[in-house]
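The block underneath contains the structure these notes are about, expressed in C-alpha cells.
Every heavy atom of this structure was used, including side-chain atoms; hydrogens, water molecules and symmetry mates were not. Proteins get letters first, then strands, A, B, ... in listed order; numbering begins at 1 in each.
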Amino acid sequence: MSTGEGGAIEEEYRAKYTFDRVETTSTIWMGLTMTCARCHTHKYDPIRHSEYYGLYALFNNLNEPVMDGNKPNPDPFIKLPTAEQSRRQERLKKQITDGQAKLDAPMPELDGAQADWQKKWHEKLSAGWSLLAPASVRSTLTNGAAFKTLEDKSILTEGPNPESDVHEVTVKLDGGSIAALRLEALPHESLPRNSSARADDGMFRLSEFEAEIVPPPKKAEEGKETEPAKPKKLKFTQSVADSAAADRDIAKAIDGKPETGWQPEGAPMTEPHSALFLLADPMKVQPDSELRVRLRYEASKSRRAIGRFRLAAAQNDELVQHLNPPKVEPWQVIGPFKSPDQQTGFATAHEPEKEIDFKKTYPGVREEVKWNAKADFEDGKANLLVQDLHGVHGVYYLYRTLKVPTDRKLELSLQADGVFKLWVNNQIVLERPNEAKPDEVPAKVTVDLKKGENKFLVKIVTVQGAAYFTFHKDLGDTESVPADIAAVLATTARLTGNQKTKVRNYYRRLNSPELKQLFDNAEKWREEDAAIEKVIPMTMVAREMDKPRETFMLVRGEYDKKGEQVGPGVPAVLPPWPKDAPTNRLGFARWLLDPSHPLTARVTVNRFWQQYFGVGLVKTTEDFGVQGEHPSHPELLDWLATEFSQSGWDVKRLQKRIVTSATYRQSSRLTPELLARDPENRLLARAPRFRVDAEVVRDSALAISGLLIDKRGGRSVKPYEPPGLWEAVSFNSSQKYIPDKDEGQYRRSLYTHWKRQSPPPNMLLFDAPTREYCSVRRSRSNTPLQALTLLNDPQFVEASRAFAQRMMLEGGNDAKERIAFGFRLATARRPRADEIKVLLDVFQRQLADFRQDKPAAEKFLRVGNFKVDSNCDASELAAWTTIASMLLNLDETVTKG
Amino acid sequence: MNVEHLLMNPYRERQLLLTRRHFFGRAAAGIGAAALGSLLNPNLFAGRIGEGDKVALGKPHFAAKAKRVIYLFMAGGPAQMDLLDYKPTLENLHQTELPDSVRMGQRLTGMTSGQKSFPVVKSLFKFSQHGKSGTWISELLPNIAGIVDDIAIIKTVNTEAINHDPAITYIQTGFQQPGRPCMGSWLSYGLGNENQNLPAFIVMISSGKESDQPLYTRLWGSGFLPSEYQGVQFRGTGDPVLYLSNPPGIDSDTRRRMLDGLAKLNTKQYQAFADPEINTRIAQYEMAYRMQTSVPELVHVSEEPQSVLDMYGPDVKKPGSFAHNCLLARRMAERGVRFIQLYHRGWDQHSNLPKRIREQCKDTDQPSAALVRDLKARGMLDDTLVIWGGEFGRTIYSQGKIEKDNYGRDHHGRCYSIWMAGGGIKPGISYGQTDDYCYNVVENPVHIHDLNATILHSMGIDHEKLTYRFQGRDFRLTDIHGELIKDILA
C-alpha cells in the first residue's frame, strides 16, 4: 500500500519504496546494514555506494504505478480461481457470447416489424409537440449574441459570439399541462461549416438547460402595485438525446454543474439533433403564463453555443401520458425489530405486515424505531441497510409505492443479506427463508400491477455485520413504451449506436418469447459470472517491465540528484552472480541460495535461534557486518547453517534440531551466580526464559480458555478494540474500527487486521512493531500498561470467563481439583499445595463477595460476547473468573521457560 | 562484555527479597505505595536492563533549565503570514506573481505544480503590536498577543519536507522515513521519569472542526529504542489510559486481593527460578494498581478553581478538546511527567483558509496562552519548556483562485514560525528574519534539527551525546546535524 497523500512527488516515492525493498531484503536475507550505503560508501563494511545501487537496480524495474490510489488490489495482481470456478466461468462466458450473438443477429421478419413499430411510435410521439414561437430572445451578457426568429419557429443566432454565453427565450403559453420540453439543434448555412453550432469547428456544448414558468401576475388590489409573479423552476428528472459524444451525455445538461455539458457526436455537427427534458410530473399551466428557457454555454471558453435551435413543449394529453414515467416513491425503512434468531424473525409478523402507519413508533433492538425515508436507495444497486448490529438479529421493513398509468406486469428481482419476504399489494410474491450462498443470483418474479398506486413491502431479517439489498424493477410491456424508450423514439426514427441497441433489445424482448428467455438467461449468466468473480481471491504480484528502467546512483541518497549510471549486480566482497542466472530478481534469489554464499544460511539460522532462545548466536540479528556482534558460538552457527543449506533449506528439520537439543531442554532456573556471570544467557548454561511475543500472549489466553478457533486462512478478522482509536488519527477522522462477531474475535493473532497507522493497542503494548519498517528484533518490555491489559482488556476478561467455565465444567467438582486443572492448563505443570492454597483463599473470599452482590457478578460476566452455559451459577462463575484471570496473569503463564 | 555494573549485588537482592516476602506476608490489603516504592528501583517506568546496551541514563549531561516539555503541536502546517510573521509589504505585492528570483526553483507539491500562476495573497487579517516588546501579532491570536513578553517567536524554522507524513515524521524523529524514535522517547530514555505513578511521555490528540491530515501511532513510538519509552496516549473518551478501569463488577478490594495473590504466587516462582524479570513484573502490577488512582486523580479537572477553568476558555470542560488537554498538560507537568505532547489537527488549509484558520485559532489561542500564564503563576514556567508549532508553514501564493475574502495556501517548508516559552528560552524576543515575500529566510535560519538540538539543550542534554547503538552506528535525534541556537537561550 503506497502513499496517497496529495502533493506527493512520484519520483521521490519511487526512490523511497525501492530503498525500502533493498534494505528490507538485505536485512532479512543477508543481515547487512545496507541503509548506510544509501548515501555513501559504507563506513565499516566493504559495500560501495555504487554497489548499493547495483541492488537497487534489481528492484527498480517493477511495472506498477508508484501510487496505488488506495485500491484494495492494485495492478499488478493475479486472480486465483479454483478449477471449479474457472470451469464454470468458461462455460458461462461461452453461453453469454453465443447467446449475445443470437440476440444481436439480424432477423429479417422481426426487424421489419420493429421498423414499422418504431415508425408508428415515432409519429405518435412527435405528433403531440407544440412548437414554441418565442416572444423574445436575448443573451444575458451585455456583449452577447443577437437573434432572429425564422419562419419555422427556429431561432438563429448571429452577432457577437463571446467565449461563454447564456441565451434566454421567453414564450407565451396557453393553459394546460406540460410534461416535457424538446430542444432541437438545427444546421444552417450561415453557421461555421454548415453546422448547428457557432464555434469554428462546428461543435456545440450545452452546459445547462434551465426552464421556469412565470404564472400570470395576480390582479392588483385597489391602490396597490401589480406584484410580479414568482417564477416556478421546472425540475427535470430525465433527459434523452439522440446522440452524445463520450462523457458528454445529455444528463450533463441538467446536472447543475456548469463545467459539464451535452455535446452530440459529429465534428462538425451537420445533422439535426434533439434532446428531450422530462418533468417528474406533468405541470399544470395557467393560461397566459410565460415559459422562460435558458440555454447556458459555460462549460468551455471556446464559444460553443448552438447556432440555430427550436423549442417545443409536450402539451398534448396522450403524449404527456406516454412521457410520464411511473412514479416511484423512495423506500421508507423501519427497523431493527428484535428477533432472537433468523427463523423466528422470519416467521413473526410485526405490525407493518398488517398496517403501514408512518407516524407510529415501535420498540426496536436497542431503542425505538420509526419510519425513515431513504432517498439514496437506488434500484439496481447494492444499498447498505445496516452496518452492524453487534451480534443481534434485526428485522427490517422497507415500503414503497409505485404509480402506473395502466394495468401492467412488472418484473422484479431482489437480493439481500439475510432472509427476506416480498409482498406486492399485500400478496406475498417472494420468499427466501435461507441465507444466500455467496454466488447465488438475485431472486426474480413477475407481478401484476393495477392502474394507479401499488404497494411494495420487503421484510429482511439480518444476521450480523453489514447487510445490503438490491432491488430491481423492469417496466417493459407491449401497450406502452417505457419513458426512456419513448423519449428516444420521440426524437428520431433513425437510431444509431447505443440507442439503436437499446431499442432493438427492448423490442425483441417484448415481441419474441424465445428471445426474451434468451435475454433473461444472458442476464442471469452475467450475474452468475459476476458473483463468481467477486469471490475469487486475488493477490498482488511483482512484475518486471519489458524494457528495464535505467538506474543511477543517487548522490547522498537524494532522489533528484542522479550520479553515474549503474547496472544490476551484487557487492564484490560476496560471491559472484551465478553463471546462467538471469539478471533479475530470480537470478538474485538464486545467488542468495548459492551454497557458496556466506550469509543467507547463517542469517536465517540465527533468526530462528533467536526465536527460540530470545537472543541470536549473533546478537545483532540485523547486522552481520563488522559493527555487529561476533557470534557467541561461531562453530555452532556455521554447522547449523551448513546443515540447513545442505538439507535443502529444510526449516522443519532445523526447528527439530534446535528444540530436541540438550541445550534447549535444560532447565531455565537461575542462580545468583549464573545471573551474575551471564545475565543474557549467551553461554547457554540454562534454557531460555523470556516473556512471549505479543501475538502469543493473546493466542495463549485464547487457547487456554478454549476460545481459540483453530482455522487456517481466510480474510483478516477484527477482534475487540476500544472504540475511537482510528478516528483519532485517520484522515478527516473518517476511519472507524468495527469489530467482528463470533469467529472473528477468536482467531489466531496472525489473522488480526493490521492498520499500521494505528495498530491494535494490546499488540503494541507487548512490543509488537508497527510493521511500517523492517524489524527483526523486538524489545521485551515489562510495564504496568501490560499489567492493565492482561487484567482489564475485555478480550482477556472474556477469555477468563470462558476459562472459568472450563474449570467448572471440566475440572471436577472440588474447588481444589478445579484450581489444579486450571493451573495446569495455564502453566503446563501441576500446582503445589501452597500454590493451591493461595488461589483457594482468594476464591473463597470472592465467592462470598459475589454471593452477597449478585448484580456485580452478573455485570462482570457480561464483558465480551462469549455466552456462558446456563447451568453455571453466576456468583460461582464470577468467582472462578477472578481465579482464571489470575492464572492468565501469572508471570509463568506469559513467560516461556 | 562487562555487565556487572548493571546489576545489584546479589546478596542485597536476596536481602530485599526476604524483606519483601515478610512484608507481603503481613500486609492484608492496600500496601502504601511509598513503602513498596522505596524498596524497589525508583525508575521502573524509565529504566530497565537494556539488551546489553545502555540503560536509561537517568540524568542530564549538564544543568538543565527545563525539567519537562509541553509540546503544543499544530498538525497540518499553520500559515505563518496570517499568524505570526507580519509582512506589511504584502499590501503592495498582493496579487502579483511570485518572481522566479524569490522562488529559486523550490519544488512544489503535486497540488499546486499544475497551477499556471502563483499570485501572492496578503493576509486578510490585521496585525498589531503588543507588549513591551512591541511584537506584531495577528488579530487571530488575541490571547497569545497578551503573552508576547513571555514567549520567543522564531520565524525562520525550516525543513526540506513538503508533505505531511515525511514532514511530521522528520520533525518528530529527525528522519523523513519511519523507524526512528521520537523526541519524547529520546528524552524518556535519556532522563527517566520523575513520577513513578505516571508515564514519562504522554500524548493527547484533539482536532479542529475538520481534522484533515492524519497522524500515526509511530509519531510517539520508540523506534529502535526499547519499547517502554513509547508515548502513552491519554484519550478524551472512555478510559484516559487504555484498560485502566477494572471491568464492571470488580471493585478495588477484589483487585487488591487478586494482586496480592498474584504477588504471592509470582514470588514463589522467583524463589524457584531467580529470574529478576519476575520481580519487575510484580512491581509493574503494583504500579498499575497505583495508576488506577493516580490517573483518575490527574484527569479530575473539576476540582480546579473556577478562575483557572475560565482562563482556559469554554472548551476546558470538554474531554478531548484542546483546552481540556492544555489544562491536563499543566496538571501532568505538576506531577512530574517529562514530555507532554498535544496534537491539534486541522491546520492544513489548502482552501477556505480565512474561515478555517479562524476556527483553529478559536480552539487553540486562549488555551495555549492560558497554559503559559498558568505555569507562570505557579512558578513553573522557568523549568517547563512550552513549544507551539507545526511541521511546516504555508505558501505566500494562493492555491486556487484569490477571492475577495477567501484563499488557500499550499505547504511551504523554507520558512515558518513557531513560538517557545519558559525552560531557559529568552522571553519577549523575535528571532530570525524572512524576506518580504515570507518565502525565504534572510537572517538566522533555524533548521528543525537545530530546533530539536536546542530543545534537548534546554533539558540539559547534549544532542550529540544522547545516542543509541543500532545497525552498527550511534543514532541520535538530530541524526548527523543540528546546531544550538544560542541567541534564543536565556
Option in Asp251(B), Ile278(B), Ile205(B) with maximal non-hydrogen atom pairs under 4.5 Å from chain A:
Ile278(B)
What residue, out of Gly346(B), Gly221(B), Gly179(B), has the most heavy-atom pairs lying under 4.5 Å from chain A?
Gly179(B)
Which one wins on heavy-atom pair count under 4.5 Å against chain B: Leu32(A), Leu765(A), Leu791(A)?
Leu791(A)
Option in Phe796(A), Tyr559(A), Phe19(A) with maximal non-hydrogen atom pairs under 4.5 Å from chain B
Tyr559(A)
Geometric cation-pi criterion, Arg473(B) with Tyr44(A): 6.0 Å, 45°
no
Between Gln757(A), Gln627(A), Glu892(A), Lys859(A), who has the most heavy-atom pairs with chain B when the cutoff is under 4.5 Å?
Gln757(A)
Report the distance from atom CG of Asp275(B) to atom CG of Leu674(A), rounding to the nearest 0.5 Å.
12.0 Å
Using side-chain contact (heavy atoms from CB on, under 4.5 Å), reason through Tyr243(B) and Leu790(A) one step at a time and then give a plain yes or no.
CA-CA 9 Å; Tyr243(B) 313 127; Leu790(A) 289 177; over 6 Å; no
Side chains of Asn792(A) and Arg255(B): is there a donor and an acceptor less than 3.5 Å apart?
yes
Between Thr237(B), Leu244(B), Ile162(B), who has the most heavy-atom pairs with chain A when the cutoff is under 4.5 Å?
Leu244(B)
Residues, nucleotides or ligands: over 12 heavy atoms within 6.0 Å of His630(A) NE2
no
Partner chain A: residue of Lys268(B), Arg345(B), Gln177(B) with the largest heavy-atom pair count (under 4.5 Å):
Arg345(B)
Most chain A-contacting option - heavy-atom pairs closer than 4.5 Å, from Arg235(B), Gln230(B), His411(B), Gln176(B)
Arg235(B)
Given Gln786(A), Lys755(A), Arg832(A), Glu12(A), the one with more heavy-atom pairs under 4.5 angstrom with chain B than any other is Glu12(A)
Test item: side-chain donor near acceptor, Asp891(A) and Tyr270(B), under 3.5 Å
no
Interatomic distance, CG@Asp841(A) vs NZ@Lys264(B), rounded to 0.5 Å, equals 6.5 Å
As an exercise: rank Ser733(A), Ser734(A), Gly897(A), Gly625(A) by heavy-atom pairs under 4.5 Å with chain B and give me the winner.
Ser733(A)
Distance in Å, Leu265(B) CG paired with Met886(A) CE, rounded so as to fall on 0.5 Å steps
5.5 Å
Partner chain A: residue of Thr109(B), Asp212(B), Asp239(B) with the largest heavy-atom pair count (under 4.5 Å)
Asp212(B)
Looking at Asp623(A), Val838(A), Asp20(A), which has the largest count of heavy-atom pairs under 4.5 Å with chain B?
Val838(A)
